[in-house]
Novice: 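First, the structure itself, so that you have it in front of you.
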Amino acid sequence: MDLTAIVKSAFEKAFPEEDFTSVRVVPATDPKFGDYQCNDALKFAKKMRMNPREFAAKVVENLDRTSFEKVEVAGPGFLNLTVSADWLASELASFAKASHCGIPQSGSGRKVVIDYSSPNAAKQMHIGHIRSTVIGNAIDRIFRALGYDVVADNHLGDWGTQFGILIKGYRECLTDDERANLTVANLEKCYVLSAAKAKEEDGVWKDACKAELVKLQQGDAENLALWKRFIDISIAEFDRMYAKLGVKFDTYRGESYYNSMMPAVVERLEKAGLAEESEGALVVKFEDERLGVAIVRKSDGGFNYTTSDLACVESRVKDYDPERIIYVTDDRQQLHFRQFFAICAKLGYTTRLVHVPFGLMSYQGKAISTREGNLIKLDDLLAEAVRRAKAIVADRVPEGVDVDELAEAIGYGAVKYADLSHDPATAIDFNWDKALALEGNSGPYLQYAYARVQSLLAKADECPEAHDRRPTAGGFKVTEAAEKRLALHLLEFPGAVVRAAEAYKPSVLADYLFQTAQLYSTFYQTSPILKSEEPVRSARLALCALFGEVLGTGLHLLGIRTPNRI
Ligand code: ARG
């Protein structure tokens, strides 16, 4: 029985004329106050000019006590609730039976587009690309778990002046062999060489790059084919990284996809009277919103990032009709998104547009920069993660387990969790020792906790007197304090998933999982499982199985693999 519904109905019985829709029962902040609490009596008492303790006492008088062992009015009118063993057992039983691990399918029939990772083509992904990829993918997984129809869209930076420089560099700065076996690394190399030459004083190289760009923009077949080849090679390389990270996109509509739509977008802005000429450029001014000025057509007639995002939103609304579009980028793009969303509002879009900004990442205490020499390629970082993970597990790999596969699961998991365990909004530091710590808030710690409970369950099944992991006739039976805290916390899993989605913060789920694992560990240390007598034994095993399911599902939502044996 839903506790909020029970308590709400007591409020209504006590004061039939009042509206108590906002009444909530929440987990107690401290177990010494009971299991749950309701803090709403104060607010309503104040509104109704009543003494809050008297108000609360009247609610308690009208409360159906079946689900509670103890009900107390504390302090200035808090309701402290201790649930009955029967209530807990029956909640656990229905949670264990629930599909989707109890996660409400509130997104069913609703569509969202999630725009994340979105690297620039012709460059190798580096350590700076982790956050958008990993946070975006976790949000993607969480929304899918809630039943949303998600379009994961990689908004590649695949158009712009850099392609003039690249085409010129490709033709002049690479060997025949390099051109024949073109890789992203070579593209990056020829870009650097060509860009350096474009800075030469006579301007000859720069003009040649520009000429290549103009040819490309005008649809020259040869340049277009080259451009296409650069993009295909880039996507193949990105996909190699995404495969390691368990990231999959539904579409790769880069900036180029919207290129032809930009003139019409600008025309629409002009027609709506939203854009005006300023120093040769076309701009949107945001006097009311205090957001400065956004250029939508440069003085040379070219379009920019804002124009491209405006064309993109129009196209997404037309093609997918989503209720929401979520953009995951670093927080230096906040002004861009505020301006661009403000323009969308003026144009009358009703789709909810959400920017999820994340803070910068530093590496082992130092800003990530070419100057620091730590602009590490993502490929190298992931290889290092696997190497370090392998060193940790090497001497205790269980028989029959593929050590490379295990090292990948742990290494990639460590890198992802090191990011996901922090609020996206904060700046973070990536540190190997912390990421790979077996104790503490890390990916490997949670993976170990998962594997340990799986091996416990496997062991239980091997016993001659094996019992079903689901409690048999006896059902769930929670007796010890540590066991109860774990059990109550497990019931909060669906709520944690919902909160993570509402806040666009996978860290909410990561925090929840870490707490769960800690509660499990206390339970494990204080309450014997396999050595207990029936029916306690099978009831505890069932709780372990439930813990495994919650932890496994949660890690999956963060995109972290869960080996059964470590
Ligand atoms: N390519 C951009 C960058 O590297 C991110 C694109 C984000 N998505 C968007 N629709 N603007 O910063």
Side-chain angles (χ1 to χ4, degrees), residues 112-140 150-163 166 184 187-188 191 227 230-231 234-235 237-239 241-242 247 249-259 261-262 265 284 291 294-296 303-320 322 324-345 347 349 351-361 368-370 375 377-378 424 504:
V112 296
V113 175
I114 311 183
D115 172 325
Y116 68 96
S117 194
S118 311
N120 293 328
K123 282 191 195 166
Q124 300 183 83
M125 287 174 91
H126 58 75
I127 182 165
H129 291 106
I130 291 178
R131 297 211 80 186
S132 177
T133 308
V134 164
I135 297 170
N137 184 247
I139 295 175
D140 173 348
V150 174
V151 180
D153 191 359
N154 195 326
H155 191 82
L156 292 175
D158 64 355
W159 198 247
T161 45
Q162 70 269 36
F163 287 95
L166 269 167
V184 179
L187 282 173
E188 209 167 78
Y191 178 82
W227 169 80
F230 298 169
I231 301 306
S234 305
I235 292 182
E237 174 63 13
F238 298 153
D239 275 344
M241 297 304 115
Y242 294 143
V247 171
F249 288 95
D250 298 300
T251 143
Y252 287 89
R253 287 185 178 172
E255 289 174 32
S256 66
Y257 183 85
Y258 307 102
N259 189 40
M261 308 171 197
M262 295 206 267
V265 165
V284 178
L291 290 174
I295 297 176
V296 289
F303 302 115
N304 65 5
Y305 194 47
T306 306
T307 338
S308 151
D309 260 332
L310 286 167
C312 172
V313 96
E314 178 165 321
S315 152
R316 283 174 178 164
V317 167
K318 197 164 84 216
D319 289 354
Y320 308 117
R324 226 184 298 197
I325 306 177
I326 301 167
Y327 302 82
V328 185
T329 79
D330 73 63
D331 56 15
R332 292 170 301 183
Q333 297 195 26
Q334 296 210 59
L335 180 62
H336 163 73
F337 281 102
R338 285 206 192 113
Q339 292 182 331
F340 150 52
F341 291 175
I343 299 174
C344 290
L347 285 171
Y349 286 108
T351 311
R352 205 152 113 209
L353 302 173
V354 182
H355 182 215
V356 179
F358 53 82
L360 286 185
M361 183 159 93
I368 293 172
S369 74
T370 333
L375 190 73
K377 285 184 272 171
L378 185 55
Y504 307 101

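This structure is a prediction, so every number in the text was calculated from the model and none was measured. Just follow the structure's listing: the first ligand is 1, and inside any ligand the first atom is 1.
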Novice: Do side-chain atoms of Asp250 reach the backbone of Ala152 as a donor and acceptor pair under 3.5 angstrom?
Specialist: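 Such a contact is found between Asp250 side chain and Ala152 backbone.
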
Novice: Within the side chain of Trp159, is there an N or O that forms a donor-acceptor pair under 3.5 Å with the backbone of Tyr257?
Specialist: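 Flag not set: sc Trp159 to bb Tyr257 has no pair under 3.5 Å.
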
Novice: Has the side chain of Gln124 got a donor or acceptor atom that lies under 3.5 Å from a matching backbone atom of Glu188?
Specialist: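 Judged by distance alone, no pair lies under 3.5 Å.
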
Novice: Please work out whether any backbone atom (N, CA, C, O) or any side-chain heavy atom from C-beta onward of Leu156 is under 4.0 Å from ligand 1, and answer side chain, backbone, both or neither.
Specialist: neither

Novice: Closest non-hydrogen protein atom to atom 12 (O) of ligand 1, residue and atom name please, with distance?
Specialist: Gln333 NE2, 2.8 Å

Novice: Hey, is ligand 1 close enough to Glu255 that some N/O pair sits below 3.5 Å?
Specialist: no

Novice: Report yes if some N/O of Tyr305 lies less than 3.5 Å from some N/O of ligand 1; otherwise report no.
Specialist: yes

Novice: Can you tell which part of Tyr258 has a heavy atom less than 4.0 Å from ligand 1: side chain, backbone, both or neither?
Specialist: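 For Tyr258, no heavy atom sits under 4.0 Å from ligand 1.
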
Novice: Please report the interatomic distance CG(Asp309) to CG(Asn304), rounded to the nearest 0.5 Å.
Specialist: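 Between atom CG of Asp309 and atom CG of Asn304 there are 9.5 Å.
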
Novice: Looking at Ser315 and Ala311, would you say the former's side chain and the latter's main chain have a donor-acceptor pair under 3.5 Å?
Specialist: no

Novice: If you count the atoms of ligand 1 from 1 in the order shown, which ones are under 4.0 Å from a heavy atom of Phe337?
Specialist: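 Counting atoms of ligand 1 from 1, those under 4.0 Å from Phe337 are 11 (N).
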
Novice: Establish, yes or no, whether a centroid distance under 6.0 Å links the rings of Phe341 and Tyr349.
Specialist: no

Novice: Does Ser118, backbone or side chain, put an N or O under 3.5 Å from an N or O of ligand 1?
Specialist: yes

Novice: Quick one: which ligand 1 atoms are inside 4.0 Å of a heavy atom on Asn120?
Specialist: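 Going through ligand 1 atom by atom, the ones under 4.0 Å from Asn120 are 1 (N), 4 (O).
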
Novice: Just distances here: any N/O of Tyr327 and N/O of ligand 1 closer than 3.5 Å?
Specialist: no

Novice: Within less than 4.0 angstrom of ligand 1, does Phe340 place any heavy atom?
Specialist: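 Per 4.0 Å heavy-atom rule, Phe340 does not contact ligand 1.
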
Novice: Which of the numbered atoms in ligand 1 are below 4.0 angstrom from a heavy atom of Asp115?
Specialist: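 Counting atoms of ligand 1 from 1, those under 4.0 Å from Asp115 are 7 (C), 8 (N), 9 (C), 10 (N).
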
Novice: Any chance the rings of Tyr258 and Phe303 have centres within less than 6.0 Å?
Specialist: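 Ring centres of Phe303 and Tyr258 not closer than 6.0 Å.
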
Novice: I want to know whether Tyr327 and Phe340 have ring centres closer than 6.0 Å.
Specialist: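 Yes, ring centres under 6.0 Å apart.
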
Novice: Identify, by atom number and element, the atoms of ligand 1 in contact range of Thr329, meaning under 4.0 Å from any of its heavy atoms.
Specialist: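 Answer for ligand 1: 7 (C).
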
